[in-house]
Amino acid sequence: MAQMSKQMGILSKWMGQRKRMFVGLFFIYLSTASSASAQSPYQLRTGREVGLIGAGALTLGASVALTKAIDPLTPAEIASLNRGDISSFDRNATFHWSTSADKWSDVALVGTVGAAGVVALGLPTVRQDFKTVAVMYIETLLLANGIERTVKSVTQRTRPYVYNPLVPLDEKLDRTSRQSFFSGHATNAFASAVFTSEVFRHYFPHSKLKPVVWVGTLGLASATALFRYEAGLHYPTDLLAGAAFGSLVGWGIPKIHQIKNGSQLGKRLDVQPWSNGMANGIYMRLAVFSR
């Protein structure tokens, strides 16, 4: 009986240890599960961010200097312009002129940029990672505007409305009349639209609202471009180039910041000693972001 009692005591102690181990493992599971969706799909790196922001600031500064060096068109140069010199694809834009369409293009652009703000500030999951998203968006706008404005100041393409005899001469004598290619409004609108949609897609890969975000933001960006055309401020080729370049930047910035699957596992695995006073063990927390 004494031997049996001793064996039962050992068994009871063993069961107690297994129970505490099970509780510890369950705690580890809960810790891992609770952190699974808290990780950002993006990662900032100081060197890369300094390089991207520096490149954007440099090109933006260069564009300002180049713009100041542009000589406005003279009345004689304006009088010598001929619509026939414009390609058939772009020529119809020279018949357009609308100050109201110009204003509506600004409204549509603000709406597109505002959509990025709604995603960044209105959704708790993204808001918790606001610094990362904000840095990425600043890089997007700096690069998009810096390169676009530099190209615009170098090419010095005459805007469509300059060919329109119905437009007042004073409007044509401004140096911005020689900054048609490529469209800054289209660049910013499509950069913001694609950036917003990509960020939403990466944070919420299984959301049924992804098509809504894409259609909504691209719809506003397309409206921006259409209003610029109706205003007589850009040719179709200006708008297509702006849309393509803006989309490339809006897609590229989130892409190069995206954490690749498995590449950051070593930085996401946290292993520590664990004790509750009654049992000892190892605490592990694996942070996982699933796409």
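Note: hydrogens, waters and symmetry copies are ignored here, and every other heavy atom, side chains too, is used.
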* Asked: So how far is it from R159 CZ to K172 NZ, rounded to the nearest 0.5 Å?
  -> 14.0 Å

* **Gap separating the CD1 atom of I256 from the CZ atom of R45, nearest 0.5 angstrom** => 10.0 Å

* Answer yes or no: is there a side-chain heavy-atom contact under 4.5 Å between H257 and R48? => yes

* To do: Could you grab the distance from atom OH of Y163 to atom CD1 of I78, nearest 0.5 Å is fine?
  => 11.0 Å

* To do: May I have the step-by-step check of salt bridge (Lys or Arg N to Asp or Glu O under 4.0 Å) for R157 and D90, ending in yes or no?
  => CA-CA 13 Å; R157 187 182 193 185; D90 283 334; 2.9 Å; yes

* Structure fact -> Taking every heavy atom of L141 against every heavy atom of S192, the minimum-distance pair comes out as CD2-OG, 4.2 Å

* Under 3.5 Å, is there a donor-acceptor pair linking the side chains of T94 and R83? -> yes

* Where is the tightest heavy-atom contact between T59 and T150, given as atom of each residue plus distance? -> O-OG1, 3.0 Å

* To do: Check whether more than 12 heavy atoms from other residues, nucleotides or ligands sit under 6.0 Å from atom NZ of K210, and answer yes or no.
  => yes

* Asked: Measuring from E171:CD to T99:OG1, what's the distance to the nearest 0.5 Å?
  -> 8.5 Å

* Working to the nearest 0.5 Å, report the span between CG of L218 and OG1 of T224. => 11.0 Å

* To do: Would you kindly say whether H234 and Y229 are connected by a side-chain donor-acceptor distance under 3.5 Å?
  => no

* Straight-line distance of I53 CD1 to E139 CD, nearest 0.5 Å -> 5.0 Å

* Report yes or no: do Y137 and T196 form a side-chain donor-acceptor pair below 3.5 Å? => no

* Asked: Between F182 and E148, is any pair of side-chain heavy atoms under 4.5 Å apart?
  -> yes

* To do: Specify the closest pair of heavy atoms between P72 and D174, including all atoms of both residues, with the distance to one decimal.
  => CB-C, 4.4 Å

* Student check: side-chain heavy atoms of R149 and L60 closer than 4.5 Å -> yes

* Structure fact -> A191 and T140 have their tightest heavy-atom pair at CB-CG2, 4.0 Å

* Can Y161 and S177 be counted as having a side-chain donor-acceptor contact under 3.5 angstrom? -> yes

* **Matching residue for H185 among T112, D102, D106 - test: side chain to side chain donor-acceptor pair (under 3.5 Å)** => D106

* Can you establish whether the number of heavy atoms outside F95 located under 6.0 Å from its atom CZ is more than 12? => yes

* Taking atom types as modelled and ignoring hydrogens, do the side chains of Y203 and D129 form a donor-acceptor contact shorter than 3.5 angstrom? -> yes

* Hey, are the side chains of P160 and W97 touching, using non-hydrogen atoms and a 4.5 Å cut-off? -> no

* To do: Taking atom CH2 of W214 as the centre, report whether more than 12 heavy atoms of other residues, nucleotides or ligands fall under 6.0 Å from it.
  => yes

